[in-house]
Enquirer: 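Dumping the structure here so I can ask a few things about it.
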Amino acid sequence: MVLRQTLAQTTMKAVIILGAGQGKRMKSSVPKVLHKIAGKPMLQWVIDAVKILSADQIITVVSPELKNHEILKGTDVVVQEVPLGTGDALKFASQKLKSNINKVFLFCADTPLLNQKDIKNLEHSKADLTVIGMKLEDLKKSYGRIECNNKGYPIAIKETKHNEKIKNIPTANAGVYVFNAKMLQALLPKLKTNPESREFYATDLVELAVKNGHTTELIFADEENFLGVNTLVELAQAETIMQRRLKTEHMLNGVQFLLPETSYVNHDAEIGTGTIIEQSVHIGENVHIAENAKILGFSYLSNCTIESSANIGPFAHLRGNVVVEENASIGNFVEVKGSIIEKNAKAKHLSYIGDAIVGEGANIGAGTITCNYNGFEKFKTQIGKNAMVGVNTTLIAPISIGEGAYIAAGSVITEDVSANSLGITRTQQQEKNEWATTFRAKYSKKLS
Ligand code: UD1
Ligand code: CA
C-alpha cells in the first residue's frame, strides 16, 4: 500500500489529443473536430472528458487554422502543418512533452463519446503500452484491428483499408493508448511511413514496442463509447447516442419527456424537476428551464430562461436572450426575441415580440407585432403591468404602453399610451344600408 502511494505520487501524466488532419471524409468546410455533438465541438468533449485524469500536461495537436481557437485554452497547442498521419502528429506532440512526464495518454479528438469510467480505468494499466480494444459486432466497420499473441497481449495494429482480410479480427482499435513516456520518446524516431498511404501511423508503435522488448496490454471497452466520427453519418450516430444519454440524465432528475427520441437537448441545458417537455421540442444552447414548466410540442428554444410553472408552445419560438417569468404563457406561433415576459403575462397566439418588456399580468392579443427594426437600428417596446393589447396591434418602437392601458384591436400605435388609457387608431366604421342587396342584384343582371 505504501509502495503504491509513492508510485502514484511520482507518476507524472500527460494527455495528448490528436485533432489535426483534414477530415476529408466529412466533406465539410468545417474542420472535423469542430463539428458539434449536442452543441459542443467534438474536440471540446474530449478535452473535458480527459480532465478526470488530472494530468500534469495536456497537449492538443491541431491544424494551423485552429491554433488560436478558444477551445484550446489551458492546453499546450502543437500545430501540425501538414497532416502526415497520427504517428506524425504524435511526433510533434512528443517534442512538447515535459521532461518529468512518465505516462502519456493518447486520445483522438474524433471520439467524443468517451466515458469517464473507461478513462479512469486506463490509470491502472501496468504495461509499457496499453491500448483500448472493442469487440465489434459488425465486422464491416473500418476501425484498425488489434492482433494479439496466444496469451492475449497486443503484438500489432493493422489498418483495414490496407488489408480487407484482417476485418475478420473482431478486436478493433479504439484509438486510445497509454505509453511509458521514455519508451515513446525512444520509439517515435523509429516509426516509418506506411508504404501505401505515405503517412506515419501511431498504431505501428505496438509492433515496434514488442520488437524492442516492451510489455503491452489490452483493455476492453464498449464500442459505443469510442465511436470514431469520420463522416457526417457517424456524426449523426454519435449525436443520437449523446441525445439518448443527455435525456436519460434529465429524466432521472425528474424531467418528463413525452417522446424523448423526438426532442433535441443541447449539452448545457438546465431543466428543473417536474417540467414536462412534449414531443419534438428543440432545446438549443443556453436554455435554463425551472421546475414545473411545460414546453409543449414543436417549440424551438435557445438562449432563454423559463421560470417555474411557465407554459411555452405548442409551436413557440424563443431566442436571443428571453426571460419568461413565473406562470407566464407563450402560445402557438409566437416568436419572442430579446424580451422579458413578466409574471403571469400572456401572449397566446400568432405574435412577434422583439426587444420588449411585457409587464406582469399583461395580455398580448393574437397577431400583435412589435416593430422593433427600421432597417438600421433596433428599438424597445415597453408594455406596462396588466395592460391589454388588442388583437392585430402594430406597436411601432420605441414605444411605451402604460400600466393597465388598453389598446384597441387593429390599431397601429406610434405614440406612447399613458396608464389606464385607451389607445385607438382605427378609422370610423360606416354602414351602408342594403349595399349588399344592390350589389348582388347588379351582378345577377350582368351574368344572366
Ligand atoms: C485511427 C487508427 C485506427 C483506429 C481509429 C479509431 C491510425 C493509423 N489508425 O484511424 O486504427 O481504429 O483511429 O477511431 O492511427 N490526426 C492528426 N493528424 C493527422 C491525422 C490524424 O492529428 O495527420 C487526428 C485526427 O484529427 C483524428 C485522429 O488523429 O482525431 C485519428 O485520425 P483519423 O484519420 O480519423 O484516423 P482513423 O482512420 O479513424
Ligand atoms: Ca477517426
Enquirer: Has Glu261 got more than 12 heavy atoms of other residues, nucleotides or ligands less than 6.0 Å from its CD?
Expert: yes

Enquirer: Between Asn286 and Asn303, is there a side-chain donor-acceptor contact under 3.5 Å, judged purely by atom types and distance?
Expert: yes

Enquirer: Heavy-atom distance under 4.5 Å between the side chains of Val322 and Thr305, does that happen here?
Expert: no

Enquirer: Glu164: what forms a salt bridge (charged side-chain N to carboxylate O under 4.0 Å, His left out) with it, not counting sequence neighbours?
Expert: Lys167

Enquirer: Mind checking ring pair (Phe, Tyr, Trp, His ring centres under 6.0 Å) for Phe315 and listing every partner two or more places apart, or none if nothing turns up?
Expert: Phe298, Phe333

Enquirer: Got a sec, which residues hit ring pair (Phe, Tyr, Trp, His ring centres under 6.0 Å) with Phe107, two or more places apart in sequence or on another chain?
Expert: none

Enquirer: Holding to side-chain contact (heavy atoms from CB on, under 4.5 Å), I want the full list of residues that pass it with Val391, two or more places apart in sequence or in another chain.
Expert: Ala366, Ala409

Enquirer: Could you go through residues 177-184 and list every donor-acceptor pair under 3.5 Å that involves a side-chain atom there, pairing it with any protein atom two or more places apart or in another chain?
Expert:
| residue | atom | partner | partner atom | Å |
| --- | --- | --- | --- | --- |
| Tyr177 | OH | Asn173 | ND2 | 2.9 |
| Asn180 | OD1 | Lys182 | N | 2.9 |
| Asn180 | OD1 | Met183 | N | 3.0 |

Enquirer: Scan Lys337, Lys380, Lys378 and name whichever one has a side chain to side chain donor-acceptor pair (under 3.5 Å) with Asp355.
Expert: Lys337

Enquirer: Just how far is it from atom CD1 of Ile330 to atom CD1 of Ile306, taken to the nearest 0.5 Å?
Expert: 9.0 Å

Enquirer: Test your reading of the model: is there a side-chain donor-acceptor pair from Thr111 to the backbone of Cys108, 3.5 Å cut-off?
Expert: yes

Enquirer: Got Leu246 and Met242 here, is their nearest side-chain heavy-atom distance under 4.5 Å?
Expert: yes

Enquirer: Is the closest side-chain heavy-atom distance between Val324 and Val336 below 4.5 Å?
Expert: no

Enquirer: What's the shortest heavy-atom distance between Ala347 and Ile353, and which atoms?
Expert: CB-CD1, 3.6 Å

Enquirer: Does NZ in Lys343 sit with more than 12 non-hydrogen atoms of other residues, nucleotides or ligands closer than 6.0 Å?
Expert: no

Enquirer: Which atom pair, heavy atoms only, marks the closest approach of Ile101 to Gln57?
Expert: CG1-OE1, 3.9 Å

Enquirer: Return yes if some donor-acceptor pair links the side-chain N/O of Asn212 with the main-chain N/O of His214 below 3.5 Å, else return no.
Expert: no

Enquirer: Are Asn311 and Leu296 packed together at the side-chain level, in the sense that at least one heavy-atom pair is separated by less than 4.5 angstrom?
Expert: no

Enquirer: With sequence neighbours excluded, what pairs up with His317 under the ring pair (Phe, Tyr, Trp, His ring centres under 6.0 Å) test?
Expert: Tyr300

Enquirer: Would a 4.5 Å heavy-atom cut-off, applied to side chains only, mark Ile169 and Glu147 as touching?
Expert: yes

Enquirer: Any luck finding a side-chain donor-acceptor pair between Asp48 and Gln44 under 3.5 Å?
Expert: yes

Enquirer: Looking at Tyr352, I want to see if its OH is surrounded by more than 12 non-hydrogen atoms of other residues, nucleotides or ligands under 6.0 Å.
Expert: yes

Enquirer: Quick one: side chains of residues 231-240, donor-acceptor pairs under 3.5 Å with protein atoms, not counting sequence neighbours, listed by atom name and distance.
Expert:
| residue | atom | partner | partner atom | Å |
| --- | --- | --- | --- | --- |
| Thr231 | OG1 | Val233 | N | 3.3 |
| Thr231 | OG1 | Glu234 | N | 3.1 |
| Glu234 | OE1 | Asn230 | N | 2.7 |
| Glu234 | OE1 | Thr231 | N | 3.2 |
| Glu239 | OE1 | Ala38 | N | 2.9 |
| Glu239 | OE2 | Ala38 | N | 3.0 |
| Glu239 | OE2 | Gln243 | NE2 | 2.9 |
| Thr240 | OG1 | Ala236 | O | 2.8 |

Enquirer: Looking at CG of Leu122 and CZ of Phe105, how far apart are the two atoms once the value is rounded to the nearest 0.5 Å?
Expert: 6.5 Å

Enquirer: For the side chain of Asn194 and the backbone of Ser197, is there at least one donor-acceptor N/O pair under 3.5 Å apart?
Expert: yes

Enquirer: Using a 6.0 Å cut-off, check whether atom NZ of Lys161 has over 12 heavy atoms from anything other than its own residue.
Expert: yes

Enquirer: Could you check if a side-chain atom of Ser63 sits within less than 4.5 angstrom of a side-chain atom of Val79, using non-hydrogen atoms only?
Expert: no

Enquirer: In chain order, what residues pass the side-chain contact (heavy atoms from CB on, under 4.5 Å) check against Asn102, with sequence neighbours excluded?
Expert: Thr11, Met12

Enquirer: Name all residues meeting the ring pair (Phe, Tyr, Trp, His ring centres under 6.0 Å) criterion together with Phe226; count only those two or more places apart in sequence or in a different chain, and write none if there are none.
Expert: none

Enquirer: Which atom pairs, one a donor and one an acceptor, fall under 3.5 Å between side chains of residues 83-92 and the rest of the protein, sequence neighbours left out?
Expert:
| residue | atom | partner | partner atom | Å |
| --- | --- | --- | --- | --- |
| Thr86 | OG1 | Ala202 | N | 3.1 |
| Asp88 | OD2 | Gln80 | NE2 | 2.8 |

Enquirer: Does the side chain of Glu326 come within less than 4.5 Å of Ser308's, by heavy atoms?
Expert: yes

Enquirer: For Lys141 and Leu136, indicate whether the former's side chain and the latter's backbone hold a donor-acceptor pair under 3.5 Å.
Expert: no

Enquirer: Go through the structure and list residues passing side-chain contact (heavy atoms from CB on, under 4.5 Å) with Ser94, not counting sequence neighbours.
Expert: Leu97, Gln185, Leu188

Enquirer: Who pairs with Lys348 by side-chain contact (heavy atoms from CB on, under 4.5 Å), at least two apart in sequence or on another chain?
Expert: Ser329, Lys346

Enquirer: Is a side-chain donor or acceptor of Thr215 paired with a backbone partner of Ala127 at a separation under 3.5 angstrom?
Expert: no

Enquirer: I'd like to know whether NZ of Lys103 has more than 12 heavy-atom contacts from other residues, nucleotides or ligands below 6.0 angstrom.
Expert: yes

Enquirer: Report yes or no: do Thr60 and Thr75 form a side-chain donor-acceptor pair below 3.5 Å?
Expert: yes

Enquirer: Does the side chain of Cys304 come within less than 4.5 Å of Val323's, by heavy atoms?
Expert: no

Enquirer: Under a 3.5 Å threshold, yes or no: a donor from one side chain and an acceptor from the other, between Thr171 and Lys135?
Expert: yes

